[in-house]
Amino acid sequence: MPEKTMRDAINEALHQAMEADDSVFVIGEDVAGCNGSPSGKVGEVGGVFGVTSGLYKKFGPDRCIDTPISESAIVGAASGAALVGMRPVAEIMFADFVGVCMDQIVNQMGKFRYMFGGKSKCPAVIRFASGGGFSAAGQHSQSMYQVMTSFPGLKVVIPSNAYDAKGLLLQAIQDDDPVLFFEPKALYQEACEVPDEAYTIPFGEAAFVREGDDVTVVAFGQMVNRAAAAIDALESDGISCDLIDPRTSSPLDEAAILESVEATGRLVVVDESPPRCGLTADIAALVASKAFSALKAPVQMVSAPHSPTPFSPELEAAYIPDVNKVKASIQEVMA
Amino acid sequence: MPEKTMRDAINEALHQAMEADDSVFVIGEDVAGCNGSPSGKVGEVGGVFGVTSGLYKKFGPDRCIDTPISESAIVGAASGAALVGMRPVAEIMFADFVGVCMDQIVNQMGKFRYMFGGKSKCPAVIRFASGGGFSAAGQHSQSMYQVMTSFPGLKVVIPSNAYDAKGLLLQAIQDDDPVLFFEPKALYQEACEVPDEAYTIPFGEAAFVREGDDVTVVAFGQMVNRAAAAIDALESDGISCDLIDPRTSSPLDEAAILESVEATGRLVVVDESPPRCGLTADIAALVASKAFSALKAPVQMVSAPHSPTPFSPELEAAYIPDVNKVKASIQEVMA
Amino acid sequence: MSLPKEKLLRAYRQMKTIREFEERAHAEIMNGQIAGFTHLYTGQEANAVGVCENLGDEDTIISTHRGHGHCIAKGADVIGMMKELFGSSEGLCKGKGGSMHVADMEKGILGANGIVAGGPPISVGAALAAKIRKNGRVAVSFSGDGSVNQGTCFEAMNLAVVLKVPAVFVIENNYYSEHTNISYAVGCDDLKARTESFGFPVFVADGADFFSVYEAAAKAIEHARGGNGPAGVFAETGRFHGHFVGDPQYYRADGELDDLRENSCCLKNFRASMAESGDVSQEELDAIDAEVMALIEQSVTEAKAAPRPTPDQVTSDVYINYSAGSA
Amino acid sequence: MSLPKEKLLRAYRQMKTIREFEERAHAEIMNGQIAGFTHLYTGQEANAVGVCENLGDEDTIISTHRGHGHCIAKGADVIGMMKELFGSSEGLCKGKGGSMHVADMEKGILGANGIVAGGPPISVGAALAAKIRKNGRVAVSFSGDGSVNQGTCFEAMNLAVVLKVPAVFVIENNYYSEHTNISYAVGCDDLKARTESFGFPVFVADGADFFSVYEAAAKAIEHARGGNGPAGVFAETGRFHGHFVGDPQYYRADGELDDLRENSCCLKNFRASMAESGDVSQEELDAIDAEVMALIEQSVTEAKAAPRPTPDQVTSDVYINYSAGSA
Ligand SMILES: Cc1ncc(C[n+]2csc(CCOP(=O)(O)OP(=O)(O)O)c2C)c(N)n1
Ligand SMILES: Cc1ncc(C[n+]2csc(CCOP(=O)(O)OP(=O)(O)O)c2C)c(N)n1
Ligand SMILES: [Mg+2]
Ligand SMILES: [Mg+2]
């Protein structure tokens, strides 16, 4: 099977979804690029991370739509089009920019169906580049998915590799509910085997990245690889772990996590967001309430500290959980 | 001591803070009211909930400032004024409207100090009317404080009674960090004894509303009274509970909660927000990681379900945790 | 302006229906029969009807917190709406939305909206869909004089121009946002000019006169439908009630409300205009009045008798394909 | 326009400092010495300096993602800034902010800002404080031609007019927001007019000409300082680099960059103007060039030698009075 980066896998998913269904279009800042510019090279950019590249040239200006810097209007444009039958995929450049369009996501798109008594559907996808790793400091490094998970009506996807990213995005686009799709930007260049043909991965089904008996490790997005590395490093110490990548935080595959903890009796949850009201707490609380009797040790949470993301590479490296921190937590929960 | 409603207690705190310090001013929609109106009755309104009443008449147009409907600009106006030495208290009418000004709260106000290397201070307070109980449906009933707790740099206050509201608001105004102050609107008319003079309540110090041996109940805001009622009802069954009202979710009085659980071995957490990545999970996870060995039973979380707030009174009553649900959880954790 | 009689009768019926729906809702709120926050549209009926009489079912509108009028004008079922206000599970939104979230996708009503200026960006999306599909539809959003100061409203107007979509922005200037006058909240002297400076034509209307609004809206909608990008309608109007039910209205001048009801009543104006033109007789209008009153009465009777929602309904309708319970 | 010689020398020095800071930062980024996202201001120096030469330390500015120029022009310590870009704990922000968050409260620099149009609302707040304190200060925010389409920017402009505060909105039109031309992203034909429609005067400047910007800014600032409410400056300018370091700049016309460097260089223009007026000799300017080059060299040398932050510093500076660790 060919290897593809996460960027290319997502790009391929977009191409395939747009080919298959003419109600799919992409919209966002510079998703085409060079509009209005004297070079005339419209479509040459394909998003600041290159994820939408080629779409303008293949599908034209009605289906790959550049916008002004107006995130609220972008999300509204997507949700309004979705309400009347389209399947838009909007790009919000950085997940941090949820700040300038949260109402449109949370109070509008995410609540239409409920407020309207189940009589509408809003199959819009909003893509975000999320997370740290670029020395991009406080306003360009946040995950934000933990906060969005809090809001009923939204589905929240966090792929951890190129294969999942493609299948989950194709699922997101054909899903009839609004979906927020968080692409850990540190993974855009990471490659793995990705089939050429279209496929979907259902929401709410976790992936078992490793299987083991001693500890259940749950990790999200960028943290999945690090958790895997930590687990692999501990194999020689005779510690074997389940590594669960929920892939979607909403819906959450509770059963996978609970069953694993029932077997292992130990939980380590890893996420790169800060700790308060985050996914590490969410999963830890789930287990403490629904698999309590299986637990042999305190639950372990590995997250960023309660501080904004720092700029300096050294500080950021200390901020985002690394392999050693995950290892230490696994060792701790085994102690 | 005189009895005062939460509305009056907050109003009194504002009067006293503005008298004591001329750098304090209030700003928001209709905090004065009737500006530009043909009646000439400027200042007659005092906010849609009446919380800022009398301030315009006493302190004039420079210190009780009406604004257009522009929440981002309101928060920015507060944080900018705070950066240059004022102590603004902004009113955002409903907590749900965080959606239209989240960037200014989370990415600006809350991160200045960190991003600027500790060289700035931003002593702004943003007040919100939060929570359910008014049949106000999906866009006017949310708590939002659980989401704000997730963001480092912000302090988050959730008073549960008039006495605390006054003392916490006076603390918030003299605090040098940005503070989000969530006023459960269902409590505005609830009265208790409130001293006439000014006093402060420190942040990060929980209140013990009830003391007992069997179960630790942690409840926030509107839920504190309901939890107290549930506990009182169970007294005759011989169940005695600690009832902890953290009062501030950030900073959180971890020690109070952990010490209590060390003694009781049982935890019930109650909040009116939906469950995912919320405060119930946050506290449950804290206990499961730091007081695990004391736990005798699964942690219990009582929250709204994972759905938007419904309009119909019957639905809303079923949505927001009531005394019976808290009782049932306490009984369950004792079973 | 001369319109077919059938259209005249319908326009009057719609305005009257809104008026009576609102007045009756008001009474039921005062009786404690209707919960929640309700904002009445009484006095502004000609705006909604003047606009919506230019639209078909396939065109969309998106409304505001003051949404009853727009929804009725666009064809929402009045009985279903009354049931919704009463919170019945048979309401248009099964009792989950209430006054601020009345919606009906079948009728192109993308919802009332509790967030000031929440609607315009969404409406631009509906307009964008129309442009992509080349189906000739237009998407109308309603905004108030206060709403136009919200960032999302500006963004929507600019984006609509950039994408040249058939979005129509209807601004109803009733002079107040809650308790604040437009002369305070809108900094510039000329809101119409500020709106036009975004790059689309805005047509002015007398919001107490159905014909005036109808004509202005016709121009704006024709502009948009013709592929020329967005357009606006700017109507001066007045609300006869407070901002919300229970508002003491400290902001009103002495006699302002009497004056409004006396001189800015679209129903009176319509009757006067019919009396002058002779197109429709007063008796015909009286007959409509009677039918409307009966319909509203029926809506309340049915709403009171309608089934109440049950607790199990709290968690349905959150998602289409997985239950909220398991989330 | 004739300015005291001292002022002329300082203006040139500031522009040259920005230019060399940026060019050197560019080189160090290409060398992999500076991490993160960096947006260079080269080519736009006259805008920052023309505005800030009208300001005192007590006045405030708030900048953008492209912030180095504004911060230097307002008096930020160049060595501290270079250290910040290098991520040292001795940087202006202790290495926590980086290029996009350079700030200095003492100098009235309320920060560069990574959020497009994050600044204008905050600047209105600083202006409001000045109005309340009646201390005669003004608050300036910088925005780009792309930034002006963000809702927060509109809200800030309207609020500034409503509150009649001494806020000055400086719009630098460098024709591009990232890869998109203003002719696409700003829907209307006349951005200056759209801005003025909010209700304040906007003064136009040639952003390649220090004197032009200085004069326009002087008028705007005088207007604001005089208690007449906000004012604007609209400058046409050009950036000599890509949007970010590494940008392939597909949007440029053939020869556009050469043309900009040739014909829109504020340093060249300044020298030409001095040659004409004779106010300052070319030798004096050469001497400044040499001093600036030395300063920049020193800043890089110091930045490379400066201490690196340690992991324990991650959690400090989150709050003033409780440690983040215990949160
Ligand atoms: C974002 C937001 N801010 C504030 C409110 C509270 N609010 C509801 S209606 C209203 C006034 C709206 O005024 P206008 O747009 O003129 O409409 P009108 O009420 O006059 O119809 C306000 C401030 C809200 N619902 N949403
Ligand atoms: C809210 C938000 N949206 C998008 C971005 C990404 N972004 C950074 S700079 C920029 C372009 C800004 O253009 P302009 O305002 O013209 O300033 P210039 O870069 O030309 O100086 C964009 C889209 C951002 N930082 N913040
Ligand atoms: Mg109004
Ligand atoms: Mg630009």
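Chain A is the first sequence line, chain B the second, and so forth, proteins listed ahead of strands; every chain is numbered from 1.
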For B:Phe220 and B:Ser249, which heavy atoms make the closest approach, and how far apart are they?
-> CE2-CB, 4.1 Å
Is it the backbone or the side chain of B:Ser72 that comes under 4.5 Å from a heavy atom of chain A, or both, or neither?
-> neither
Relative to chain A, which of B:Val269, B:Asp282, B:Val100, B:Asp103 shows the most heavy atom pairs under 4.5 Å?
-> B:Asp282
Name the option with the most non-hydrogen atom pairs under 4.5 Å to chain B; the candidates are A:Pro310, A:Gly138, A:Pro298.
-> A:Pro298
Considering only heavy atoms and a distance below 4.5 Å, find which of B:Ala137, B:Pro308, B:Cys101, B:Gly278 pairs most often with chain A.
-> B:Pro308
Closest approach of A:Ser150 to B:Gln146 (non-hydrogen atoms, all atoms of both residues) | OG-NE2, 3.3 Å
Determine, stepwise, if the pair B:Ser141 / B:Thr309 fulfils side chain to side chain donor-acceptor pair (under 3.5 Å).
-> CA-CA 7 Å; B:Ser141 305; B:Thr309 315; 4.6 Å; no
Between A:Thr264 and A:Thr216, do the side chains contain an N or O donor and an N or O acceptor separated by less than 3.5 Å?
-> yes
Looking only at B:Ala284, B:Ala297, B:Ser293, most heavy-atom pairs under 4.5 Å shared with chain A are made by B:Ala297
Rounded to the nearest 0.5 Å, what separation is found between the CE atom of B:Met334 and the CZ atom of B:Arg266?
-> 4.5 Å
Taking all non-hydrogen atoms of both residues into account, name the closest pair between A:Ala285 and B:Met301 and its distance.
-> O-CE, 3.6 Å
Please look at A:Phe151 and chain B and tell me whether the side chain, the backbone, both or neither of the residue comes under 4.5 angstrom of a heavy atom of that chain.
-> both
Interchain contact, B:Val106 with chain A, by part (heavy-atom threshold 4.5 Å) = side chain
Residue, of B:Gly110, B:Pro305, B:Pro274, B:Gly153, that accumulates the most heavy atom pairs under 4.5 Å with chain A | B:Pro274
Side chain, backbone, both or neither: which part of B:Leu295 has a heavy atom under 4.5 Å from chain A?
-> both
Region of B:Ala291 that comes under 4.5 Å of a non-hydrogen atom in chain A | neither
So which of B:Met144, B:Gln300, B:Met148, B:Lys290 has the biggest tally of heavy-atom pairs under 4.5 Å with chain A?
-> B:Met144
B:Asp96 and B:Gln142: side-chain donor and acceptor closer than 3.5 Å?
-> yes
Scan side-chain atoms only and decide if B:Ser130 and B:Ser143 contain a donor-acceptor pair under the 3.5 Å cut-off.
-> no
Between chain B and each of A:Pro152, A:Ser273, A:Gly99, A:Ala281, count heavy-atom pairs under 4.5 Å; write down the option with the most.
-> A:Pro152
